[in-house]
Amino acid sequence: MDGQILFVLSGVHINRKYTACVKIKNEITASLDRNIEEGLDKYLNYTIGHLKMILTTEQKRSDFKVEDSDADLNLSVTSACQKSTVFLHSIMVYIKENLDGPNKKNVLTELGLRFHRLLMEHLVLFVYTYTGAIKVLCDVTEYRKVIEIFEIPTLLNIMEATHMLCNLLIVPPENLKQVATDAQLTTGTLDKNVVMSFIQLRHDFKTKIGKNFVL
């Protein structure tokens with residue numbers, strides 16, 4: 001009888017020890033997860049900060065406000081685009097090599113979304129002539145090529161929408177309303193206010209389109 005009591009007490013003691021160990025393990029795991037998440041967030045913040053620095057220092061207003069009569073214009077990507085895409089590509093490769101599974105997909109998605117937000121904020125800082133609009137389309141095409149390598153459909157969709165917005169910068173004024181309306185209908189990512197804000201970036205908005213233009 002005494003042996004049975006001792007066995008039960010011993011089992012209770014072991015269960016308590018086991019429960020305590022599991023609790024400690026869960027706490028350590030949760031702490032590690034938080035540290036990893038914070039570390040990745042800091043890494044993404046650094047990446048976006050560096051990309052912003054490249055765009056801010058390398059992009060000139062003259063890149064997109066080019067005289068349309070300039071027949072010798074080089075329509076290759078701008079220096080800001082070239083340097084930022086090289087850096088973004090290197091970060092993407094590093095993430096793919098060092099993360100796997102859902103973590104890799106989640107971090108790439110977050111990086112792509114943050115970059116797209118930065119790009120949109122950057123693009124609306126400029127006024128575009130017709131030739132300048134062609135240049136920015138070259139840049140956006142290059143950005144889209146890098147995003148394609150992320151292999152995240154959502155990111156590719158928003159880059160397609162961005163390309164569609166930039167295309168509004170080269171549409172002849174007489175066709176603009178129809179094309180802009182079609183753009184809104186073909187993708188759910190293009191809000192009317194966003195479309196309008198891009199149209200207002202055109203160099204000829206005041207002279208050939210007018211402030212009374214509405215969608």
Side-chain angles (χ1 to χ4, degrees), residues 29-61 63-64 74-126 128 132-170 183 186-191 194-195 197-198 201:
T29 301
S31 177
L32 286 172
D33 286 342
R34 285 194 301 271
N35 290 337
I36 291 172
E37 185 175 340
E38 290 174 3
L40 288 172
D41 186 61
K42 289 179 180 178
Y43 184 70
L44 292 179
N45 285 337
Y46 157 76
T47 300
I48 296 302
H50 190 70
L51 285 166
K52 184 175 182 178
M53 183 271 294
I54 293 174
L55 293 174
T56 301
T57 57
E58 293 291 330
Q59 199 83 76
K60 305 295 187 280
R61 293 191 180 277
D63 287 343
F64 304 126
N74 180 3
L75 289 179
S76 60
V77 299
T78 63
S79 172
C81 175
Q82 191 273 330
K83 291 184 178 181
S84 59
T85 50
V86 168
F87 178 70
L88 182 60
H89 183 271
S90 69
I91 297 297
M92 180 271 300
V93 171
Y94 182 81
I95 291 172
K96 283 195 170 188
E97 289 178 347
N98 290 278
L99 295 176
D100 56 17
N103 285 335
K104 178 172 69 174
K105 180 179 179 181
N106 291 340
V107 172
L108 285 174
T109 299
E110 183 63 22
L111 173 59
L113 291 173
R114 292 190 191 189
F115 172 70
H116 179 259
R117 184 160 57 247
L118 172 66
L119 180 61
M120 292 292 286
E121 292 171 352
H122 177 72
L123 293 176
V124 297
L125 297 176
F126 303 92
Y128 302 88
I134 295 176
K135 289 201 71 174
V136 79
L137 278 168
C138 292
D139 279 7
V140 171
T141 298
E142 193 67 19
Y143 292 129
R144 185 175 58 182
K145 287 179 182 177
V146 177
I147 293 299
E148 283 178 358
I149 308 174
F150 280 48
E151 299 179 307
I152 308 290
T154 301
L155 298 179
L156 187 55
N157 288 340
I158 61 176
M159 286 306 298
E160 291 287 355
T162 304
H163 192 276
M164 193 177 297
L165 280 170
C166 291
N167 191 59
L168 295 174
L169 300 171
I170 64 171
T186 55
T187 173
T189 58
L190 292 185
D191 179 83
V194 175
V195 173
S197 69
F198 262 75
L201 300 175

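Keep in mind that this is a model prediction, so the values were computed, not measured.
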The ring-ring contact (aromatic ring centres under 6.0 Å, His included) partners of Phe64 (sequence neighbours excluded) come to Phe126, Tyr128
Under the side-chain hydrogen bond (donor to acceptor under 3.5 Å, both in side chains) rule, collect the residues that match up with Gln82, sequence neighbours excluded. none
Heavy-atom closest pair (Ile149 atom, His89 atom, distance to 0.1 Å) is CD1-CD2, 3.8 Å
Show me the pairs that pass side chain to side chain donor-acceptor pair (under 3.5 Å) and involve residues 111-125, at least two apart or across chains. Asp41-Arg114, Asn45-Arg114, Gln59-His122, Glu110-Arg114, His116-Thr162
Non-hydrogen atoms of Cys81 and Ser84 that approach each other most closely: O-OG, 3.2 Å
Can you list everything that forms a salt bridge (charged side-chain N to carboxylate O under 4.0 Å, His left out) with Lys145? Sequence neighbours excluded, please. Glu142
Nearest non-hydrogen partners of Leu108 and Met92, listed with the distance: CD2-CG, 4.0 Å
Provide the full list of ring pair (Phe, Tyr, Trp, His ring centres under 6.0 Å) pairs with a residue in residues 140-159, sequence neighbours left out, each pair given once. Phe115-Tyr143
At what distance, to the nearest 0.5 angstrom, does CG of Leu111 lie from CG of Leu155? 8.5 Å
Sorted by chain and residue number, the side-chain contact (heavy atoms from CB on, under 4.5 Å) partners of Thr109 (sequence neighbours excluded) come out as Lys105, Leu113, Ile152
Using 0.5 Å steps for rounding, measure from the OG atom of Ser79 to the CG atom of Asp63. 8.0 Å
Heavy-atom pair of closest approach, residues Ala133 and Ile170: CB-CG2, 3.2 Å
Taken to the nearest 0.5 Å, the spacing of Thr78 OG1 from Asp139 CG works out to 3.5 Å
Scanning both residues in full, the closest heavy-atom pair of Val107 with Leu44 reads CG1-CD2, 4.1 Å
Locate the shortest heavy-atom distance separating Leu123 from Leu201; write the atom from each residue and the value. O-CD1, 3.9 Å
Sequence-distant partners of His163, side-chain hydrogen bond (donor to acceptor under 3.5 Å, both in side chains), two or more places apart: Thr141
Measure the CG-CG distance between Asn103 and Leu40 for me, rounded to the nearest 0.5 Å. 7.5 Å
Write out all pairs satisfying salt bridge (charged side-chain N to carboxylate O under 4.0 Å, His left out) with one or both partners inside residues 76-102, taking only residues at least two apart or from two chains. Glu58-Lys83, Lys96-Glu151
Mind checking the CG-CZ spacing from Leu165 to Phe198? Nearest 0.5 Å is all I need. 5.0 Å
Applying side-chain contact (heavy atoms from CB on, under 4.5 Å), can you list everything that pairs with Phe87, at least two apart in sequence or on another chain? Tyr46, Thr47, His50, Leu51, Ile54, Ser90, Ile91
